[in-house]
Amino acid sequence: MGNRVVMLVDFDYFFAQCEELRNPSLKDNPVVVGVYSGRTEESGAVSTSNYIARKYGVKSGMPLFLAKRKLDGTDSVFLPVDHEYYDQISDKIMHILSSYATTYEQVSVDEAYLDVTEQVEGRFEKAKDYAQKIKVDVKNKVGVSFTVGVGPNKLIAKIACDSQKPDGLTIITPDEVTCFLSPLPVGRLLGVGHKISARMEDIGVKTINYLASVDIQKMVALFGKAFGVYFFNAARGFDNEPVQETGEAETIGRMGTLKEDTRDISMIMEKIDEQIDDIYREFILKNQSFRLVGISTVLTNLSGKSCSKTLDKPAKDKETIHKAAFELFEKYLAEAELEIRRVGVRIGNFTKEEPNQKQLTSFFQSS
Ligand code: DCP
Ligand code: CA
Ligand code: CA
């Protein structure tokens, strides 16, 4: 099989850029978009800010009063989040992006993977012009700028994208993968947050290059099988995950508030199992299989996050949803610092395929 050419598109300072779009006079000021919790006028957290505000040290997740303090004496503008408006802009851009790819996978309101292998005939030399063309098209039609990372898989595309923002375009060819990854801190790998990178540092592993020298047994002993194997592959830039559609319409999900804010997995799973019962009732009517299980959380600072897992093969049973959701929460809690307020679970990637039918693609991937 030839090379894949995978792009990750990540919209620049997204919520704040949307605000600039409808009010261009903001462009020269520091702009902060925040979630106001309502307790006092200044309580709440920063969702994002434009790059002018970032120069003063404003960061996502920071308390609003602190952002105000950092921007003291400037013509800063503070605005409350308007998700409905950002979703509209996001939908417009996503619609355009999807027309440029064979398969496209939206991962959040401001991020999507595009498999453009066919469009550039598998040639990275062509990826630059192609990405530029998409950037210009979206800028003309919607007025929003974004950053692109291009690589032979999703893992590399993501890290490439993060390496130069805003309005960036970074292309990493298969030949460049090792050099590109080697000097980077392990924290740049998806799934390596503060806690895991601290554990890696404890054993002297700081860079990806060093991580790649740890043998697989040691990796598994340290991080468990799933994580160990993932890190082993990721450190080498290996990633087989396909870019696949996960359209909103094609998922069944539930979201709800926990009895109390918590980080206790059994309490979380109690809520999730109720939701799974609900989802399952809806799912069996479809008479199909699912291949994706996802979870979402809202933390005590009101920031939200979701992640998902693609199963090795399609499944039809409730237990698989429970197991995958449990694993996702376990992984998530290992990284999350704050307590969780709301949780949700969803399934998707529905197919008519029978769960026990051996898929040729997964057969080739595992052999
Ligand atoms: N967001 C949020 N709370 C956070 C982080 C992000 O509400 N703690 C929201 C606001 C962001 C959007 O999600 O605009 C996308 O997040 P990104 O991490 O991609 O950040 P930005 O798009 O704002 O900036 P960048 O230019 O760094 O991508
Ligand atoms: Ca993003
Ligand atoms: Ca972004």
Side-chain angles (χ1 to χ4, degrees), residues 7-23 26-27 30-37 43-64 66-67 76-94 97 104-114 131 134-135 138-139 142-149 154-155 157-170 187-188 190-191 193-194 246 296-308 332 335-342:
M7 276 186 189
L8 176 67
V9 173
D10 185 323
F11 312 160
D12 298 323
Y13 63 102
F14 186 51
F15 293 2
Q17 198 183 172
C18 290
E19 295 296 345
E20 289 182 357
L21 188 67
R22 67 173 156 192
N23 188 355
L26 298 175
K27 264 185 187 300
V31 177
V32 178
V33 177
V35 178
Y36 290 81
S37 65
S43 68
V46 173
S47 288
T48 194
S49 61
N50 66 3
Y51 279 77
I52 303 178
R54 290 183 198 193
K55 280 203 204 121
Y56 292 88
V58 176
K59 290 195 166 75
S60 294
M62 173 180 278
L64 283 168
L66 192 56
S76 62
V77 179
F78 281 72
L79 297 163
V81 286
D82 179 354
H83 286 288
E84 211 174 305
Y85 172 61
Y86 312 143
D87 285 350
Q88 275 175 24
I89 307 280
S90 170
D91 286 349
K92 275 193 210 164
I93 306 172
M94 293 296 175
L97 292 180
Y104 128 100
E105 176 180 349
Q106 183 176 346
V107 281
S108 71
V109 69
D110 83 324
E111 260 172 66
Y113 288 101
L114 275 60
I134 308 175
K135 270 169 172 276
V138 170
K139 187 85 195 170
V142 188
V144 166
S145 76
F146 56 72
T147 292
V148 183
K154 286 165 44 170
L155 178 90
K158 169 77 180 162
I159 303 174
C161 181
D162 288 342
S163 66
Q164 203 215 330
K165 281 180 168 189
D167 203 11
L169 170 54
T170 304
R188 293 286 296 278
L190 206 64
H194 296 305
T246 52
S296 312
T297 59
V298 175
L299 302 179
T300 43
N301 69 353
L302 303 179
S303 69
K305 193 160 171 95
S306 44
C307 47
S308 63
Y332 178 77
E335 282 305 323
E337 317 254 317
L338 293 169
E339 300 207 302
I340 297 173
R341 177 171 296 185
R342 283 164 63 74

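When reading the values below, keep in mind they use all heavy atoms of this one structure, side chains included, and skip hydrogens, waters and symmetry mates. Order of appearance sets the numbers: ligands from 1, and atoms from 1 within every ligand.
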[atom]: the protein heavy-atom neighbour that sits closest, reported with distance to 0.1 Å:
atom	value
atom 24 (O) of ligand 1	R54 NH2, 2.8 Å
atom 1 (N) of ligand 1	S47 O, 3.5 Å
atom 16 (O) of ligand 1	D110 OD2, 4.0 Å
atom 23 (O) of ligand 1	T48 OG1, 2.5 Å
atom 14 (O) of ligand 1	F15 N, 3.0 Å
atom 8 (N) of ligand 1	S60 CB, 3.7 Å

Can you check whether [X] reaches [Y] side chain to side chain, under 4.5 Å on heavy atoms?
X	Y	result
E339	L299	no
K158	D162	yes
V142	I89	yes
F11	C18	no
Y86	D110	no

Would you check whether [X] has a nitrogen or oxygen atom less than 3.5 angstrom from a nitrogen or oxygen atom of ligand 1?
X	result
V109	no
V46	no
D12	no

**OP:** Tell me, with the steps shown, if R54 and T48 meet side chain to side chain donor-acceptor pair (under 3.5 Å).
**Re:** CA-CA 9 Å; R54 290 183 198 193; T48 194; 3.2 Å; yes

**OP:** Would you please indicate yes or no on a ring centroid separation below 6.0 angstrom for Y13 and Y51?
**Re:**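 Yes.
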
**OP:** Any atoms of ligand 1 less than 4.0 Å from a non-hydrogen atom of F14? List them with their elements.
**Re:**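 In order of number, 14 (O), 21 (P), 22 (O), 23 (O).
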
Original post:
Just which atoms of ligand 1 are under 4.0 Å from any heavy atom in F11?
Top reply: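 The list of qualifying atoms is 22 (O), 28 (O).
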
**OP:** Write down the atom of F146, the atom of K135, and the distance for their closest heavy-atom approach.
**Re:**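 Scanning both residues, the minimum pair turns out to be O-NZ, 2.8 Å.
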
If we ignore angles and hydrogens, is there a donor and acceptor under 3.5 Å between the side chains of [X] and [Y]?
X	Y	value
Y36	S43	no
D12	S145	yes
E20	N50	yes

Original post:
Is it true that D87 and K92 make a salt bridge, defined as a side-chain N closer than 4.0 Å to a carboxylate O?
Top reply: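 Judged by the 4.0 Å cut-off on N to carboxylate O distance, D87 and K92 do not form a salt bridge.
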
Subject >> Environment of the Ca ion (ligand 3) in terms of protein N/O/S atoms, cut-off under 3.0 Å >> reply: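 Per the 3.0 Å query on the Ca ion (ligand 3), atoms found are D10 OD1, F11 O, D110 OD2.
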
Original post:
Hey, is K165 touching ligand 1 through its side chain, its backbone, both or neither, going by heavy atoms under 4.0 Å?
Top reply: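 Within the 4.0 Å criterion, K165 contacts ligand 1 through side-chain atoms alone.
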
Original post:
Under 4.0 Å from ligand 1, counting heavy atoms only, is it the side chain of Y51, its backbone, both or neither?
Top reply: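 Under 4.0 Å from ligand 1, Y51 contributes side-chain atoms alone.
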
**OP:** Return yes when at least one protein heavy atom is under 4.0 Å from atom 3 (N) of ligand 1, and no when none is.
**Re:**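 Neighbour list for atom 3 (N) of ligand 1 includes protein heavy atoms (cut-off 4.0 Å).
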
Subject >> Spatial distance of atom CG (L114) from atom CD1 (I134) [nearest 0.5 Å] >> reply: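 L114 atom CG to I134 atom CD1 measures 6.0 Å (nearest 0.5 Å).
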
